[in-house]
A.B. asks: 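Here's a structure for you.
Chain letters run A, B, ... following the sequence lines, proteins first, then strands; residues in each count from 1. These numbers were taken from a predicted model, which means no experiment stands behind them.
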There are 2 protein chains.
Amino acid sequence: MARELPTSLLMFIASRTASNRVFEAVRAAGFHDVTVAQARLLMGIDPDGTRLSVLAARAQVAKQTATALVDRLERTGYVERVADPLDGRARLVRMTPRALAILPHARDEEERIEQEWRDHLGADRMTLLRGALEDLREITDPYA
Amino acid sequence: MARELPTSLLMFIASRTASNRVFEAVRAAGFHDVTVAQARLLMGIDPDGTRLSVLAARAQVAKQTATALVDRLERTGYVERVADPLDGRARLVRMTPRALAILPHARDEEERIEQEWRDHLGADRMTLLRGALEDLREITDPYA
DNA sequence: CTATTATAGTTCGAGTCTGGGACTATGTGA
DNA sequence: TCACATAGTCCCAGACTCGAACTATAATAG
């Protein structure tokens with residue numbers, strides 16, 4: 001029997017496997033030029049567009065990193081930069097239809113994973129698991 | 001209220017925060033030249049040393065990546081490569097005393113996090129959370 | 001209204017991470 | 001003995017990352 005792993009590491013193991021599966025599902029759907037780092041940034045974009053600095057904060061990377069990632073995402077046609085009508089310094093990063101087309105594939109795979117986990121644990125324990133994780137956000141999510 | 005996040009993403013949020021804290025605690029203890037990628041590899045080293053290919057598999061990176069990471073870890077004095085007596089092709093990667101000195105700092109911070117989470121959720125729910133996560137390993141941990 | 005200060009974003013530069021492909025050396029099995 | 005598999009390395013190119021310095025615009029103070 002292995003030594004007891006930290007709870008956070010148990011979370012890491014499960015979440016990484018899930019993340020890999022979603023990423024693979026998106027690739028399998030034909031999106032071969034999105035990387036994990038880019039996807040992490042994409043996740044933070046609001047429907048009406050989001051400022052780069054906000055994106056950087058959400059993905060927990062430096063502004064320069066976000067600039068580089070958006071550059072690549074723009075070159076490959078997943079996002080566009082539009083002027084922010086409220087602030088002449090700022091620009092809003094918005095998803096293109098191509099990026100929006102990714103979402104259903106990602107959501108479907110997430111849905112499948114969720115169902116597999118529920119099947120494995122049973123509905124009651126899955127509900128308890130989710131509840132505990134949601135409560136933990138209060139002390140672990142810088143954006144909660 | 002925000003839309004419902006996938007369970008795996010909730011895990012990611014908590015585990016990333018925990019990971020950042022452990023990393024910061026190690027830095028604060030004076031280890032300024034270890035990176036996250038290197039730490040991930042270090043975690044996989046057994047007390048008697050571990051082959052590079054096993055390390056690569058555990059960290060889920062390519063062999064060449066593991067080679068590069070071990071190169072850096074060796075240059076900064078955290079690991080050493082020794083001949084594997086059982087296989088002339090292989091070499092065992094072993095922690096040096098310097099690497100071993102990191103462990104208590106990491107474990108202490110993990111312990112603190114664990115306690116904070118337990119305080120926040122209550123002992124019973126924390127136990128349920130851990131139990132569910134351990135069971136999920138059966139279907140999410142390639143090394144379970 | 002101007003001067004100062006703060007903020008949004010970009011560019012530059014250097015180091016790290018990553019894996020595809022090809023290679024050497026050693027072990028394994030027919 | 002010979003074919004094949006495995007452990008590890010090297011080369012290479014691209015992606016990621018951020019400190020530092022910069023431009024342009026906004027907000028604030030006097």
Side-chain angles (χ1 to χ4, degrees), chain A residues 16 19-20 23-24 26-27 31-46 48-94, chain B residues 16 19-20 23-24 26-27 31-46 48-94:
Chain A
R16 180 174 53 178
S19 164
N20 287 344
F23 186 66
E24 277 315 307
V26 169
R27 281 187 73 82
F31 301 92
H32 298 288
D33 49 1
V34 196
T35 68
V36 173
Q38 289 167 15
R40 203 108 76 201
L41 209 73
L42 276 179
M43 284 195 335
I45 302 179
D46 299 308
D48 299 329
T50 306
R51 291 190 189 178
L52 184 108
S53 50
V54 174
L55 246 40
R58 287 181 183 166
Q60 298 188 20
V61 298
K63 268 196 307 180
Q64 311 94 299
T65 303
T67 298
L69 291 171
V70 169
D71 283 348
R72 287 180 185 73
L73 284 167
E74 198 169 30
R75 251 192 287 119
T76 48
Y78 288 104
V79 305
E80 55 187 356
R81 286 185 243 231
V82 301
D84 183 339
L86 302 177
D87 189 331
R89 296 167 299 178
R91 303 160 77 181
L92 295 177
V93 178
R94 275 209 312 227
Chain B
R16 180 173 55 177
S19 165
N20 287 345
F23 186 67
E24 277 314 308
V26 169
R27 281 186 75 84
F31 301 92
H32 300 287
D33 49 0
V34 196
T35 68
V36 173
Q38 290 167 15
R40 203 107 76 202
L41 210 73
L42 276 179
M43 284 196 335
I45 301 181
D46 298 308
D48 300 328
T50 305
R51 291 189 189 179
L52 183 108
S53 51
V54 174
L55 245 42
R58 286 182 183 165
Q60 299 189 21
V61 297
K63 269 196 306 179
Q64 312 94 299
T65 304
T67 297
L69 291 171
V70 169
D71 284 347
R72 287 179 184 72
L73 284 167
E74 199 170 28
R75 253 194 285 119
T76 47
Y78 288 105
V79 304
E80 54 187 356
R81 287 186 242 231
V82 301
D84 184 338
L86 301 177
D87 190 331
R89 296 166 301 179
R91 301 162 78 182
L92 295 176
V93 178
R94 275 209 312 227

A.B. asks: How close do A:Leu41 and A:Ala59 get, counting heavy atoms only, and between which atoms?
C.D. replies: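 Distance-wise, the nearest heavy atoms are CD1-CB, 3.7 Å.
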A.B. asks: Could you pull out the closest heavy-atom pair between B:Leu55 and B:Gly44, with the gap in Å?
C.D. replies: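 Result for this residue pair: CD1-O, 3.4 Å.
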A.B. asks: Under the salt bridge (charged side-chain N to carboxylate O under 4.0 Å, His left out) rule, collect the residues that match up with B:Glu24, sequence neighbours excluded.
C.D. replies: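 None.
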A.B. asks: Nearest whole Å is fine: how far is C:dT11 C1' from A:Arg91 CZ?
C.D. replies: 13 Å
A.B. asks: Return the minimal non-hydrogen interatomic distance between B:Ala83 and B:Pro85, and the atom names on each side.
C.D. replies: O-CD, 3.4 Å
A.B. asks: Is there side-chain contact between A:Val93 and A:Ile45, with at least one heavy-atom pair below 4.5 Å?
C.D. replies: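 Result yes, sub-4.5 Å side-chain heavy-atom pair found.
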A.B. asks: Listed in order of residue number, which residues of residues 67-85 of chain A have a non-hydrogen atom at under 4.0 Å from DNA chain D?
C.D. replies: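 Heavy-atom cutoff 4.0 Å gives A:Ala68, A:Leu69, A:Arg72.
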A.B. asks: Please give, in whole Å, the distance from C:dT7 P to A:Leu52 CG?
C.D. replies: 16 Å
A.B. asks: How would you summarise protein contacts on nucleotides 24-30 of chain C per nucleotide, using B for base, S for sugar-phosphate only and - for none, with heavy-atom distances below 4.0 Å?
C.D. replies: -BBS---
A.B. asks: Please name all residues satisfying side chain to side chain contact (heavy atoms under 4.5 Å, CB included) with B:Val34, sequence neighbours left out, ordered by chain then number.
C.D. replies: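 With neighbours one apart ignored, the set is B:Phe31, B:Gln38, B:Ala39, B:Leu42, B:Tyr78, B:Ile102.
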A.B. asks: Given side chains that start at C-beta, do those of A:Asn20 and B:Gln60 come closer than 4.5 Å, heavy atoms only?
C.D. replies: yes
A.B. asks: Starting from P on C:dG9, measure out to CZ on A:Arg51 and report it in whole angstrom.
C.D. replies: 6 Å
A.B. asks: For B:Arg27, what residues pass the salt bridge (charged side-chain N to carboxylate O under 4.0 Å, His left out) criterion, not counting sequence neighbours?
C.D. replies: none
A.B. asks: Can you list everything that forms a side chain to side chain contact (heavy atoms under 4.5 Å, CB included) with A:Thr65? Sequence neighbours excluded, please.
C.D. replies: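 Partners of A:Thr65 under the side chain to side chain contact (heavy atoms under 4.5 Å, CB included) test: A:Val61, A:Ala62, A:Leu69.
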A.B. asks: Using a 4.5 Å cut-off on heavy atoms from C-beta on, say whether the side chain of A:Arg91 contacts that of A:Leu52.
C.D. replies: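 They are not in side-chain contact.
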A.B. asks: If an axis is fit to five pairs at each end of the helix from C:dC1-D:dG30 to C:dA30-D:dT1, what is the angle between the two, to the nearest 10°?
C.D. replies: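 About 30°, once rounded to a multiple of 10°.
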A.B. asks: Please enumerate all residues that pass side chain to side chain contact (heavy atoms under 4.5 Å, CB included) together with B:Ala68, with sequence neighbours excluded.
C.D. replies: B:Arg72
A.B. asks: Decide yes or no for A:Asp48 and A:Leu92: does some side-chain heavy atom of the first lie under 4.5 Å from some side-chain heavy atom of the second?
C.D. replies: no
A.B. asks: Could you give the CG-to-C1' distance, from B:Leu55 to D:dT9, as a whole number of Å?
C.D. replies: 16 Å
A.B. asks: Sort me out a list of protein N/O and nucleotides 20-23 of chain D N/O pairs below 3.5 Å, or just none if empty.
C.D. replies:
| from | atom 1 | to | atom 2 | distance (Å) |
| --- | --- | --- | --- | --- |
| D:dA20 | N6 | A:Gln64 | NE2 | 3.2 |

A.B. asks: Under the salt bridge (charged side-chain N to carboxylate O under 4.0 Å, His left out) rule, collect the residues that match up with B:Arg58, sequence neighbours excluded.
C.D. replies: B:Asp46
A.B. asks: Quick one: side chain to side chain contact (heavy atoms under 4.5 Å, CB included) partners of B:Arg40, sequence neighbours excluded?
C.D. replies: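 Partners of B:Arg40 by the side chain to side chain contact (heavy atoms under 4.5 Å, CB included) criterion, ordered by chain and then number, come out as A:Phe12, B:Val36.
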A.B. asks: Under 4.0 Å between a side-chain N or O of A:Thr65 and OP1 or OP2 of D:dC16?
C.D. replies: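 Looking at the OP1 and OP2 atoms of D:dC16, neither is under 4.0 Å from any side-chain N or O of A:Thr65.
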A.B. asks: Compare all side-chain heavy atoms of A:Arg81 with those of A:Glu74 and state whether any distance is below 4.5 angstrom.
C.D. replies: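 Result yes, sub-4.5 Å side-chain heavy-atom pair found.
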A.B. asks: Does A:Arg94 reach the side chain of A:Val79, with side-chain heavy atoms less than 4.5 Å apart?
C.D. replies: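 Heavy-atom side-chain distance check fails, nothing below 4.5 Å.
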A.B. asks: With sugar-phosphate meaning primed atoms plus P, OP1 and OP2, does B:Ser53 contact a base, only sugar-phosphate, or nothing at under 4.0 Å between heavy atoms?
C.D. replies: sugar-phosphate
A.B. asks: Name every residue in residues 37-44 of chain B that has at least one heavy atom under 4.0 Å from any atom of DNA chain C, in order of residue number, or write none if there are no such residues.
C.D. replies: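 Within residues 37-44 of chain B, the residues near DNA chain C are B:Ala37, B:Gln38.
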A.B. asks: To the nearest Å, how far apart are A:Asn20 CG and C:dG19 P?
C.D. replies: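 Distance check: A:Asn20 CG to C:dG19 P gives 11 Å.
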